[in-house]
Amino acid sequence: NYVATIHQKIITDRINNVTLVGPKYGDDKWKFLESAELMILPTHSENFGLVVAEALAMGIPVITTKGAPWQELETENCGWWIDLNVQNIILSILNATKCTPEELFKMGQRGRLLVERKYDINIVALDIKKVYDWMLGSIEMPHFVEVNQSESVEKSNIKIVHFITSIDKSAGGTTSYVELLSKELKTLLDLVIVTGFSPNPVKLPEVNVQFLDLSLIRWFYLQTEFRNLLKDEKPDIVHVNGLWQPQVWLFQQVAQQLGI
């Protein structure tokens with residue numbers, strides 16, 4: 001209904017420079033992003049805001065609001081991180097339009113370097129491995145970890161259940177991340193991957209992979225299945241990937257209810 005309302009307003013007010021393009025996927029998405037000079041994400045709340053990282057990876061400066069955790073847009077000078085209100089959004093757009101094409105290009109390049117340095121899937125996987133190495137007492141606490149107190153865990157005593165909705169080869173980056181993570185962790189601890197059925201899942205040798213039917217129409221059954229699985233596995237830690245997905249949120253809720 002909201003989209004229909006906006007579409008009608010465009011027609012009624014004869015607004016010629018606004019186009020509703022709908023969702024974009026795969027190569028179409030990347031080509032669409034690449035054609036932009038600026039990406040804007042007004043939002044009340046994001047746990048990450050993947051579209052911000054995607055735009056930066058394409059060398060596009062970004063305007064987003066403080067509901068998204070992207071202060072680095074300011075610290076790295078690759079965009080604008082603003083309080084959410086219409087006036088701030090308008091002002092930021094006006095500031096962006098005052099930039100020369102060369103200035104916007106340089107901002108975009110700084111954003112691209114930020115993503116390559118910090119958010120590349122290989123870097124993320126290695127950082128997560130460092131967290132687990134620290135938990136096992138193998139290394140000092142990584143600089144990016146913040147805790148009240150640190151305790152090492154005996155290598156032989158730790159089991160981790162990692163929940164991700166799909167490890168299908170078509171999933172791209174998230175699947176690559178799980179492959180890297182499982183390769184590094186399977187020799188260090190007892191790792192269980194819980195994921196949904198898919199046509200073409202990647203093979204994770206020597207890793208305990210458990211497939212479930214994660215269809216949303218089975219919502220009320222999923223809670224029981226998650227609870228039974230966690231009771232059977234008795235993990236020390238549950239690691240979830242993709243909290244914006246309802247199945248991931250539910251798995252986390254069940255784990256917390258069980259005191260994990």
Side-chain angles (χ1 to χ4, degrees), residues 21 23-82 84 89 92-93 95-97 99-133 142-146 162 164-185 202 239-245 248:
V21 299
K24 296 285 185 179
Y25 303 103
D27 289 341
D28 286 343
K29 177 181 71 174
W30 297 115
K31 289 177 182 177
F32 185 72
L33 277 174
E34 191 175 24
S35 71
E37 295 176 89
L38 186 69
M39 199 283 288
I40 306 173
L41 175 67
T43 178
H44 286 285
S45 178
E46 302 286 336
N47 72 328
F48 180 63
L50 184 60
V51 68
V52 174
E54 290 176 333
L56 294 176
M58 298 298 292
I60 310 299
V62 173
I63 297 172
T64 193
T65 48
K66 292 183 179 179
W70 278 95
Q71 186 175 1
E72 287 167 318
L73 293 176
E74 290 187 347
T75 59
E76 300 293 330
N77 193 18
C78 54
W80 293 261
W81 192 57
I82 61 175
L84 177 58
I89 293 172
S92 297
I93 293 173
N95 287 335
T97 59
C99 294
T100 65
E102 182 181 6
E103 288 172 332
L104 288 175
F105 176 78
K106 288 180 178 179
M107 290 180 72
Q109 291 305 299
R110 287 192 290 269
R112 184 167 187 165
L113 289 173
L114 168 65
V115 171
E116 290 176 354
R117 183 177 74 248
K118 188 172 179 182
Y119 298 109
D120 178 88
I121 199 68
N122 297 285
I123 300 296
V124 172
L126 290 174
D127 282 347
I128 292 175
K129 180 182 179 294
K130 288 178 183 177
V131 173
Y132 289 137
D133 282 338
H143 68 88
F144 51 82
V145 174
E146 295 181 7
H162 186 102
I164 184 169
T165 54
S166 175
I167 57 170
D168 194 86
K169 292 180 180 178
S170 65
T174 53
T175 298
S176 299
Y177 146 79
V178 170
E179 287 183 293
L180 285 166
L181 193 63
S182 62
K183 181 180 179 181
E184 296 290 342
L185 292 180
V202 295
H239 181 186
V240 297
N241 184 281
L243 268 179
W244 60 90
Q245 298 170 298
V248 179

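It should be emphasised that the depicted structure is a prediction, and the values quoted were computed from it without experimental measurement.
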Problem - Heavy-atom check, side chain of M39 versus side chain of L56, under 4.5 Å - result: no
Handout entry: Check: N77 main-chain N/O paired with R110 side-chain donor or acceptor under 3.5 Å
Key = yes
Practice task
Please report the shortest heavy-atom distance between D168 and S170, naming the atom on each side.
Solution key: OD2-OG, 2.7 Å
Practice task
Taking all non-hydrogen atoms of both residues into account, name the closest pair between S35 and F32 and its distance.
Solution key: OG-O, 2.6 Å
Exercise for the section: Decide, yes or no, whether a salt bridge links R117 with E76 under the criterion of side-chain N to carboxylate O below 4.0 Å. Expected result: yes
Handout entry: Heavy-atom side-chain contact between V248 and N241 under 4.5 Å
Key = no
Handout entry: Close side-chain approach of L38 and W80, heavy atoms under 4.5 Å
Key = yes
Problem - Atom NZ of K129: over 12 foreign heavy atoms under 6.0 Å - result: yes
Handout entry: Euclidean distance, W81 CH2 relative to T65 OG1, rounded to 0.5 Å
Key = 9.5 Å
Fill in the blank from the handout: In short, V62 meets A55 closest at the heavy-atom pair CG2-CB, 3.8 Å
Fill in the blank from the handout: Between the CD1 atom in I82 and the CD atom in E74, the distance rounded to the nearest 0.5 Å is 9.5 Å
Exercise for the section: Please examine the side chains of K118 and E72, heavy atoms only from C-beta on, and report whether any two atoms are closer than 4.5 Å. Expected result: yes
Handout entry: Considering all heavy atoms, the nearest L114-C78 contact
Key = CD2-SG, 4.3 Å
Practice task
Heavy atoms only: give me the nearest P142-V131 pair and the separation to one decimal.
Solution key: CG-N, 4.3 Å
Exercise for the section: With rounding to the nearest 0.5 Å, note down the distance linking CD in E34 to CG in D27. Expected result: 11.0 Å
Practice task
Drop me the distance from R112's CZ to I60's CD1, to the nearest 0.5 angstrom.
Solution key: 9.5 Å
Exercise for the section: Enter the distance from L104:CG to Q109:CD here, rounded to the nearest 0.5 Å. Expected result: 12.0 Å
Practice task
Check for a donor-acceptor pair, side chain of W70 on one end and backbone N or O of F48 on the other, with a separation under 3.5 Å.
Solution key: yes
Exercise for the section: Decide if atom CZ of F105 counts as having more than 12 heavy atoms of other residues, nucleotides or ligands within a radius under 6.0 Å. Expected result: no
Problem - Pairwise distance CD1(I63) to CD1(I89) - rounded to 0.5 angstrom - result: 8.5 Å
Practice task
Decide if atom NZ of K24 counts as having more than 12 heavy atoms of other residues, nucleotides or ligands within a radius under 6.0 Å.
Solution key: yes
Practice task
Please work out which of the three classes, parallel, tilted or perpendicular, describes the rings of H239 and Y132, given edges at 30° and 60°.
Solution key: perpendicular
Exercise for the section: Measure the shortest side-chain to side-chain distance between T64 and T43 over non-hydrogen atoms and say whether it is less than 4.5 angstrom. Expected result: yes
